[in-house]
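Values below: every heavy atom of this structure, side chains too, minus hydrogens, waters and symmetry copies.
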Amino acid sequence: MARNLIVRSSSMFRNAIENRVRPFCNYLRLQSHSFSPSTTLTPHSSLPSLFAAAAAASFSPPSHRSLSSSPPSSDIVLVNSEEEFQNILNKVQDNSLNAVFYFTAAWCGPCRFISPIVGDISKKYPHVTTYKIDIDQEAIQGTLGKLQITSVPTLHFFQKGKKVDEVIGADITRLNYVTEKLFQ
């Protein structure tokens with residue numbers, strides 16, 4: 001029983017080491033362009049030079065492993081306050097505009113999943129303005145209550161100034177269906 005525990009513990013320790021070291025090694029591989037040409041990543045290369053090269057490179061997480069929703073593209077307008085949201089909503093309604101209001105949060109996994117698709121949709125339909133609202137902003141909390149936003153991601157679709165549909169959750173099929181139906 002003790003031997004089984006030791007084997008299991010060493011296996012967990014090895015996995016923990018691999019999970020900590022592997023991302024760092026992947027980062028080094030991705031950032032290899034910042035190393036000098038004499039630096040090689042071979043199993044027998046000197047460790048001090050490897051770590052010196054890694055320390056010399058500015059460490060930032062690889063861009064494909066972002067912990068927040070992807071940064072907005074130039075096609076997406078960020079809304080930062082209730083007043084700004086109300087002005088935009090009035091403009092959409094008064095001018096009979098097409099718009100998408102995208103309610104999201106940085107900590108939300110489904111929001112991070114759907115964020116690139118929302119960006120693609122905003123590029124695909126340039127005549128439709130997409131507004132991104134981060135629900136964690138203090139300045140927007142009253143609006144969220146009025147609109148009854150209880151989960152994220154939530155997307156409200158406006159056609160000719162009127163709210164015609166909404167998608168709650170990361171339902172890509174429904175999102176594509178609604179945008180094609182409304183904005184083609």
Side-chain angles (χ1 to χ4, degrees), residues 19-20 22-24 26-28 30-31 34 54 57-184:
N19 289 336
R20 293 230 181 219
R22 188 174 297 137
F24 179 71
N26 288 341
Y27 168 76
L28 290 177
L30 290 171
Q31 298 296 321
S34 64
S58 62
F59 185 82
S60 62
S63 61
H64 67 279
R65 299 220 15 187
S66 173
L67 296 178
S68 64
S69 331
S70 67
S73 68
S74 60
D75 303 331
I76 297 177
V77 178
L78 291 175
V79 179
N80 297 313
S81 68
E82 282 188 46
E83 182 181 343
E84 189 178 356
F85 177 82
Q86 197 58 49
N87 290 338
I88 291 169
L89 184 60
N90 290 339
K91 179 180 147 188
V92 167
Q93 291 172 338
D94 293 344
N95 298 332
S96 297
L97 300 175
N98 295 333
V100 176
F101 289 92
Y102 170 43
F103 297 91
T104 184
W107 49 263
C108 169
C111 297
R112 288 191 309 253
F113 174 73
I114 204 169
S115 186
I117 290 121
V118 172
D120 291 344
I121 287 171
S122 71
K123 287 180 178 123
K124 184 176 180 182
Y125 303 104
H127 62 285
V128 179
T129 306
T130 302
Y131 298 97
K132 183 175 180 179
I133 302 102
D134 184 350
I135 65 161
D136 289 329
Q137 295 181 44
E138 283 295 320
I140 202 83
Q141 294 302 313
T143 300
L144 298 175
K146 291 175 195 170
L147 296 174
Q148 299 178 347
I149 304 295
T150 57
S151 64
V152 288
T154 296
L155 293 102
H156 289 183
F157 297 90
F158 284 76
Q159 188 177 42
K160 298 180 183 173
K162 299 199 185 306
K163 181 181 172 190
V164 292
D165 211 338
E166 77 177 12
V167 173
I168 299 173
D171 187 347
I172 296 171
T173 306
R174 177 149 163 65
L175 176 61
N176 287 328
Y177 171 76
V178 169
T179 53
E180 286 178 19
K181 178 182 77 166
L182 295 176
F183 304 130
Q184 277 293 8

**Prompt:** Taking C-beta and beyond as the side chain, do Y102 and S115 meet within less than 4.5 Å on heavy atoms?
**Reply:** yes
**Item:** Residue list, side-chain contact (heavy atoms from CB on, under 4.5 Å) with N95, at least two apart or on another chain
**Value:** K91, L97
**Fill in**
Contacts of F85 meeting ring pair (Phe, Tyr, Trp, His ring centres under 6.0 Å) (sequence neighbours excluded), chain-then-number -> F101
**Asked** Just wondering, do N98 and Y125 contact through their side chains at under 4.5 Å, heavy atoms?
**Response** no
**Item:** Residue pair T104 / V152, side-chain heavy-atom distance below 4.5 Å
**Value:** no
**Request:** Indicate the atoms forming the closest heavy-atom contact of D75 with S122, along with that distance.
**Result:** CB-OG, 3.4 Å
**Request:** Would you please name every residue forming a side chain to side chain donor-acceptor pair (under 3.5 Å) with E166, sequence neighbours left out?
**Result:** H156, K163
**Prompt:** Does the side chain of L175 reach to within under 4.5 Å of the side chain of F157, using non-hydrogen atoms?
**Reply:** yes
**Within 6.0 angstrom of E83 CD, more than 12 heavy atoms from elsewhere** = no
Side-chain donor-acceptor contacts of residues 141-151 below 3.5 Å, not counting sequence neighbours, with atom names and distances?
{"residue": "Q141", "atom": "NE2", "partner": "I135", "partner atom": "O", "Å": "2.5"}
{"residue": "Q141", "atom": "NE2", "partner": "Q137", "partner atom": "O", "Å": "2.9"}

**From I140 atom CD1 to N80 atom CG, the distance as rounded to the nearest 0.5 Å** = 8.0 Å
**Asked** K160: what forms a salt bridge (charged side-chain N to carboxylate O under 4.0 Å, His left out) with it, not counting sequence neighbours?
**Response** none
**Message:** What verdict does the side-chain contact (heavy atoms from CB on, under 4.5 Å) test give for V100 and I121, after you've listed the backbone C-alpha separation in whole Å, the side-chain angles of each residue and the deciding distance to 0.1 Å?
**Reply:** CA-CA 10 Å; V100 176; I121 287 171; 5.6 Å; no
**Prompt:** With N90, which residues qualify under side chain to side chain donor-acceptor pair (under 3.5 Å), at least two apart?
**Reply:** Q86
**Asked** For K181, what residues pass the side-chain contact (heavy atoms from CB on, under 4.5 Å) criterion, not counting sequence neighbours?
**Response** D165, Y177
**Message:** Whether the side chain of Q159 engages the backbone of V164 through a donor-acceptor N/O pair (distance < 3.5 Å, no angle test) should be reported.
**Reply:** no
**Asked** What heavy-atom pair brings A170 and P153 nearest, and what distance separates the two atoms?
**Response** N-CG, 3.9 Å
**Prompt:** Rounded to the nearest 0.5 Å, how far does CD1 of I168 lie from CZ of R174?
**Reply:** 9.0 Å
**Prompt:** Quick one: side-chain contact (heavy atoms from CB on, under 4.5 Å) partners of D136, sequence neighbours excluded?
**Reply:** A105, W107, D134
**Message:** Restricting to non-hydrogen atoms, name the atom on L78 and the atom on E84 that form the minimum distance, rounded to 0.1 Å.
**Reply:** O-OE2, 3.3 Å
**Prompt:** Looking at residues at least two apart in the chain, or sitting in another chain, which of them share a side chain to side chain donor-acceptor pair (under 3.5 Å) with N176?
**Reply:** none
**Message:** Checking L89 against Y131 for the side-chain contact (heavy atoms from CB on, under 4.5 Å) test, could you report, in this order, the C-alpha distance in whole Å, the side-chain angles of both residues, the deciding distance, and whether it holds?
**Reply:** CA-CA 10 Å; L89 184 60; Y131 298 97; over 6 Å; no
